[in-house]
Amino acid sequence: MRSEPASTTPAIFDVSGLTKIYKTGDVEVRALNGVDLMLETGEMAVLLGPSGSGKSTLLNIVGGLDRPTSGSVKFKGEELSGASDRELTAYRRNHVGFVFQFYNLIPSLTAWENVALITEVASNPMSASEALALVGLESRINHFPAQLSGGEQQRVAIARAIAKRPEVLLCDEPTGALDSATGIIVLEALARVNEETGATTAIITHNAGIREIAHRVYTFLDGRIASCEFNEKRIKPSEVSW
Ligand code: ADP
């Protein structure tokens, strides 16, 4: 690993001094405590760190699902932290795809229909069939979620997230509910999407073995960034030791 990025392309995210304090009654939780972080366009980043270290809070803020208490989040140079609710909604809708640990598919709709729900409201989507082919599910498009394995359901969720051609794909523990063989297939789908669509991809994981598939690895500890490293040589998801 080296300590400096080689690329000179403009950052897609530039986060500085980010703080998030959750207040519940008199109790304050400092979930983020001065986070500085940068992601370059098109890269794949892995966010590691123990439970409660602030990874999801950071992902939710850069994805426009939540707001910081203080600090700055710039998306392609535009400040997000002062955006109105309407601007944040437009930002999420036009630029961000989310993948979570649980797939949240609609059980009464087929894989194709689950993805088409999104392509119908997006401005420049790929077709649902194209999105499902990108994650290797072309032969499963007419299956209902209950007829698909956990890994296949997660790949439908990835297809749904990327069908609108988001510039950013944010994944919170996408393999958290999966066994190793299935998790690797899901990571292969994410790596392919990152390569073929160029979507800047951030993956939260507990699994340190996954770090080597990333261009960049941020490690969180107690609401701060403990380290940022760059992989000189990335490995394929199939080479990950789980
Ligand atoms: P991670 O993703 O690394 O597990 P989180 O960002 O989910 O960490 O949580 C960071 C800290 O913030 C934890 O102490 C968590 O309990 C707290 N936290 C997260 N969301 C909320 C919330 N909505 N209300 C209160 N506390 C929260």
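Note that ligands are numbered from 1 as they come in the structure, with each ligand's atoms numbered from 1 the same way.
Residue pairs meeting the side-chain hydrogen bond (donor to acceptor under 3.5 Å, both in side chains) criterion with at least one member in residues 168-180, sequence neighbours excluded: Ser56-Asp172, Glu173-His206, Asp179-Thr182. Identified under the side-chain hydrogen bond (donor to acceptor under 3.5 Å, both in side chains) test for residues 120-133, with sequence neighbours left out: Trp112-Ser129.
With respect to the salt-bridge test (charged N to carboxylate O, under 4.0 angstrom), the residues Lys76 and Glu167 qualify.
Centroid-to-centroid, the aromatic rings of Phe100 and Phe98 come within less than 6.0 Å.
In this structure a side-chain-to-backbone donor-acceptor pair under 3.5 Å is missing from Thr110 to Asn142.
Considering only residues two or more places apart in sequence or on other chains, Lys20 meets the salt bridge (Lys or Arg N to Asp or Glu O under 4.0 Å) condition with Asp66.
Among protein residues, Tyr22, Val29, Ala31, Pro50, Ser51, Gly52, Ser53, Gly54, Lys55, Ser56, Thr57 come within 4.0 Å of ligand 1, judged on heavy atoms.
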